[in-house]
Amino acid sequence: MKYINELPIKGKRLLVRVDFNVPLDEEGNITDDTRIRAVLPTLNYALDEGASLVLCSHLGRPKGKRDERYSLRPVAKRLSRLLAKEVTLAPDCVGEEVKRLCEGLSPGEILLLENLRFHEGETKNDPAFARELASLAEGYINDAFAVAHRAHASVVGVTEYVQLCGAGFLMKRELSYFHRALEEPARPLVAIVGGAKVSSKLGALENLLQKVDKLLIGGAMANTFIKSQGFEVGRSKVEDDLLETASQLIRQAKERGVKFYLPVDCVVAEKFDPRAEIKIVPIQEVPAGWYIMDIGPATVRLFTEALHNARTIVWNGPMGVFEMDAFSRGTMAMVRALASSYALTIVGGGDTDVAVHKAGESDNISYISTGGGAFLALLEGKTLPGVAALELCDPEGRRD
Ligand code: 3PG
């Protein structure tokens with residue numbers, strides 16, 4: 001795969017796939033612009049090379065229809081401020097008028113196409129739609145790591161119709177940190193997996209068991225493991241159909257010599273409500289009818305000690321219901337444990353980045369991935385379709 005700095009982009013008009021799928025509040029204001037800032041190095045490099053830029057992205061899931069709530073207008077404004085440069089928002093992402101606007105771009109100018117998912121051809125990877133996108137520019141750069149797990153037209157299909165294709169610097173950073181963490185890690189390698197469901201992380205757990213030295217499980221998904229070991233979990237969420245699978249994973253860990261850690265105590269609440277009565281109990285003593293909301297202090301100590309000699313730590317998924325302050329201590333304590341570690345620390349997906357920001361520790365983590373589903377797909381050991389498509393480009397950056 002070629003990266004933008006290895007390709008002859010001087011003075012060219014480039015179609016750049018970015019992931020500007022940023023969170024918006026009810027008034028349509030951007031609440032976190034990390035994903036916009038993350039592609040600035042690629043955009044600035046291309047602009048310095050005298051390229052003109054046609055940026056394309058999705059925002060939300062408008063299901064193939066125009067819906068103003070998902071317009072990229074706020075993104076155009078924010079990007080313009082970050083680059084200190086005018087960014088024009090196109091009325092659509094394909095069509096005659098858009099083509100005319102693209103052809104009218106001078107070196108150094110930027111056009112942001114309107115939401116790709118206003119057209120169903122995007123998610124369907126429709127060849128006609130992909131060809132139309134490709135026709136807007138002379139080359140294609142994919143810097144949208146966070147959507148690289150989707151085989152969509154602007155991620156995969158488009159590479160078949162462009163003269164020149166490669167990846168941007170964000171893609172490079174994401175893939176290289178991931179490689180350092182899971183392909184050639186400094187050991188011990190520890191993975192922390194939390195979040196709601198075992199079912200959505202089963203593939204990741206199976207893959208991680210083949211790679212890590214220690215696996216720490218927290219969050220609601222730990223309940224299924226705890227119950228599989230014969231303990232009661234009150235009214236907490238459990239996936240009863242996965243109890244046997246959970247036991248099997250624990251057995252597999254043992255067979256492979258992977259140290260497997262489950263919570264030893266927890267914060268329980270009488271209701272799923274921060275104002276409800278709360279107590280800390282050993283995992284063997286969860287009261288009937290109560291809810292497990294967070295890992296307890298003994299678990300924090302256990303998990304922190306397990307990280308002590310780690311040289312690489314990968315973390316996906318919170319340890320409890322951290323959105324409610326009363327149940328955020330476990331997750332916050334783990335963020336601090338990572339932040340003070342000398343290990344290479346990589347965090348991604350499933351709100352883990354939100355927790356790191358909430359704890360004010362984002363500067364003390366080696367790398368925070370911009371990917372949610374894409375990061376999880378890598379944890380599962382999958383090849384990302386967006387990356388695979390770029391790998392088919394020949395050494396000159398042309399698709400075979
Ligand atoms: C994400 O937020 O994970 C990416 O932008 C992909 O979005 P999607 O899950 O709607 O495809």
Side-chain angles (χ1 to χ4, degrees), residues 16-25 28 30-40 42 55-67 69-72 74-76 78-79 93 112-126 129-130 133 141-158 167-168 170-171 173-175 177-178 193-197 199-201 203-204 315-318 346-357 367-380 382-390:
V16 186
R17 179 45 159 119
V18 285
D19 190 321
F20 287 162
N21 186 22
V22 291
L24 302 174
D25 66 14
I30 297 169
T31 55
D32 178 0
D33 64 4
T34 307
R35 283 184 173 176
I36 306 178
R37 290 174 187 271
V39 295
L40 294 179
T42 297
L55 308 182
C56 61
S57 176
H58 70 287
L59 175 66
R61 295 177 176 171
K63 302 205 171 84
K65 288 201 183 71
R66 191 167 186 111
D67 181 337
R69 288 173 304 169
Y70 299 106
S71 167
L72 282 162
V75 172
R78 179 65 58 96
L79 179 63
C93 57
L112 172 62
L113 302 184
E114 189 48 288
N115 196 337
L116 292 159
R117 291 189 187 171
F118 285 173
H119 294 260
E120 59 177 17
E122 166 63 359
T123 52
K124 291 195 166 147
N125 196 14
D126 172 21
F129 184 73
L133 286 175
I141 299 294
N142 186 346
D143 209 20
F145 169 76
V147 75
H149 61 308
R150 304 282 187 215
H152 292 174
S154 66
V155 179
V156 172
V158 68
L170 174 62
M171 189 71 94
R173 233 164 114 75
E174 295 272 4
L175 297 177
Y177 268 107
F178 194 84
V193 183
K197 289 192 197 156
S199 51
S200 58
K201 307 251 167 109
W315 183 12
N316 170 277
I346 314 256
V347 163
D351 282 346
T352 328
D353 55 335
V354 179
V356 171
H357 288 293
Y367 191 66
I368 303 174
S369 175
T370 57
F375 187 80
L376 192 60
L378 285 184
L379 288 184
E380 288 168 356
K382 289 186 179 155
T383 302
L384 304 178
V387 173
L390 294 179

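Counting starts at 1 for both ligands and their atoms, following the listed order.
You'll find the side chain of His58 stays beyond 4.5 Å of the side chain of Tyr70, heavy atoms only.
Under a 3.5 Å cut-off, the side chain of Thr31 and the backbone N or O of Pro23 do form a donor-acceptor pair. Side chain of Arg150 to backbone of Val155: no donor-acceptor contact under 3.5 angstrom is found. For the pair Arg117 (side chain) and Thr123 (backbone), a donor-acceptor distance under 3.5 Å is absent.
A distance of 4.5 Å separates CZ in Phe145 from CG in Leu378, rounded to the nearest 0.5 Å.
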Between side-chain atoms of residues 347-356 and protein atoms elsewhere (two or more places apart, or another chain), which donor-acceptor pairs fall under 3.5 Å?
from, atom 1, to, atom 2, distance (Å)
Thr352, OG1, Gly317, N, 2.7
Thr352, OG1, Gly349, O, 2.5

Note every protein N or O atom lying under 3.5 Å from an N or O atom of ligand 1, pairing the names and giving the distance.
from, atom 1, to, atom 2, distance (Å)
ligand 1, 2 (O), Asn21, ND2, 3.1
ligand 1, 2 (O), Arg35, NH1, 3.0
ligand 1, 2 (O), Arg35, NH2, 3.2
ligand 1, 5 (O), Asp19, OD1, 3.4
ligand 1, 5 (O), Asp19, OD2, 2.7
ligand 1, 5 (O), Asn21, ND2, 2.9
ligand 1, 5 (O), Arg35, NH1, 3.2
ligand 1, 5 (O), His58, NE2, 2.9
ligand 1, 7 (O), His58, NE2, 3.4
ligand 1, 9 (O), Arg61, NH2, 2.7
ligand 1, 9 (O), Arg150, NH2, 2.8
ligand 1, 10 (O), Arg61, NE, 2.8
ligand 1, 10 (O), Arg61, NH2, 3.4
ligand 1, 10 (O), Arg117, NH1, 2.9
ligand 1, 11 (O), Arg117, NH2, 2.8
ligand 1, 11 (O), Arg150, NE, 2.7
ligand 1, 11 (O), Arg150, NH2, 3.4

